[in-house]
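Because the structure is predicted, anything quoted here is derived from the model rather than measured.
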Amino acid sequence: KVAGQKAYDEAKVATDQAISALKTLISDPIGGQFEALKNLGHSNALRAGIVLVVAFSVSCFLLGHTFASAMIQMAEMMGGGSGGKIAELYFGLFILSVIPSISIFACFYLVKKISKEKVEISTCVFTTGVTTIPLTVLFLSIKIFGLNSFVLMAVIGIFCISTTFLLINSALQDVYKLSTQKSVLITPGLVLVSSVISYIIVKALM
């Protein structure tokens with residue numbers, strides 16, 4: 001009971017820190033990352049980043065669940081939907097939901113190595129969480145509205161993907177203090193490399 005209460009209190013503090021960071025980002029979406037990081041401090045930035053990463057992983061899981069449900073229904077109709085296979089499917093879905101966050105974090109960790117600033121691991125976690133916010137919104141929107149609302153999802157998709165690139169570029173310039181030239185080149189590179197890392201991890205696990 002004591003351990004459970006302590007975990008709850010830690011989660012509440014971390015969530016409050018994430019909300020505080022979101023408020024700063026809403027007031028200044030582009031330059032607010034550095035300001036939010038400075039206001040939070042390293043320990044709170046780590047907590048906030050973890051909450052945002054978990055939210056992104058949950059959105060990945062929910063989106064995957066939409067497609068997995070259709071596969072499960074098809075398997076049950078064909079008489080192959082055993083409990084063991086369903087549990088295996090959901091376990092695999094959980095692993096796949098975590099991989100994108102790991103890949104993005106790995107890329108920011110690589111950026112940390114080339115940055116002339118002293119960057120903590122907590123900063124990498126925080127920037128990972130912040131840059132996944134638009135994708136979290138996109139995946140949850142797909143889960144809620146479905147793909148049938150083509151015009152709505154196209155608008156949301158363009159907005160979220162564009163914002164993701166802007167947040168990555170902002171993190172590289174304001175937080176990691178890279179030059180404009182480097183950040184412009186690394187921004188699409190980070191997306192590409194994180195996708196490749198995700199693909200490699202998935203292939204290794206399959």
Nearest 0.5 Å, please: how far is [atom2] in [Y] from [atom1] in [X]?
X      : Y      : atom1 : atom2 : value
Ile133 : Ser59  : CD1   : OG    : 11.5 Å
Cys160 : Met153 : SG    : CE    : 7.5 Å
Leu40  : Gln17  : CG    : CD    : 5.5 Å
Leu63  : Leu135 : CG    : CG    : 11.0 Å
Ile156 : Ile144 : CD1   : CD1   : 9.0 Å
Ile50  : Ser101 : CD1   : OG    : 11.5 Å

[X] to [Y] - nearest heavy-atom pair and separation:
X      : Y      : answer
Thr187 : Phe165 : CG2-O, 3.6 Å
Ala171 : Thr127 : CB-CG2, 4.0 Å
Ser194 : Cys107 : N-SG, 3.5 Å
Val125 : Phe105 : CG2-CE1, 3.7 Å
Leu93  : Gly64  : CD1-CA, 3.6 Å
Ser103 : Ile197 : OG-CG2, 3.5 Å

Please set out all donor-acceptor pairs under 3.5 angstrom arising from side-chain atoms of residues 23-34, sequence neighbours excluded.
| unit_1 | atom_1 | unit_2 | atom_2 | d |
| --- | --- | --- | --- | --- |
| Thr24 | OG1 | Ser20 | O | 3.2 |
| Ser27 | OG | Lys23 | O | 3.4 |
| Ser27 | OG | Thr24 | O | 2.7 |
| Asp28 | OD1 | Gly31 | N | 3.2 |
| Gln33 | NE2 | Leu167 | O | 2.8 |

Report yes or no: do [X] and [Y] belong to one cluster of Ile/Leu/Val/Met/Phe/Trp/Tyr joined by side chain heavy-atom distances under 4.5 Å?
X      : Y      : result
Ile201 : Val98  : yes
Phe56  : Leu138 : yes
Ile158 : Leu152 : no
Leu62  : Leu52  : no
Val202 : Phe91  : yes

Task: Set of side-chain hydrogen bond (donor to acceptor under 3.5 Å, both in side chains) partners for Ser170, sequence neighbours left out - done: Asp174
Strictly distance-based, threshold 3.5 Å: is any side-chain N or O of [X] a donor or acceptor partner for the main-chain N or O of [Y]?
X      : Y      : result
Ser162 : Phe159 : no
Ser115 : Lys112 : no
Thr164 : Pro134 : no

- [ ] Could you tell me whether Lys182 atom NZ has more than 12 heavy atoms of other residues or ligands within 6.0 Å of it?
- [x] no
TODO: Please determine which of Ile168, Leu178, Val191 meets the side chain to side chain contact (heavy atoms under 4.5 Å, CB included) test together with Ile186.
DONE: Leu178
Open item on the list: When you compare the side chain of Thr123 with that of Tyr176, does any pair of heavy atoms fall below 4.5 Å?
Closed with: yes
- [ ] Please name all residues satisfying salt bridge (Lys or Arg N to Asp or Glu O under 4.0 Å) with Lys118, sequence neighbours left out, ordered by chain then number.
- [x] none
Task: Phe126-His42 aromatic ring centre distance below 6.0 Å - done: no
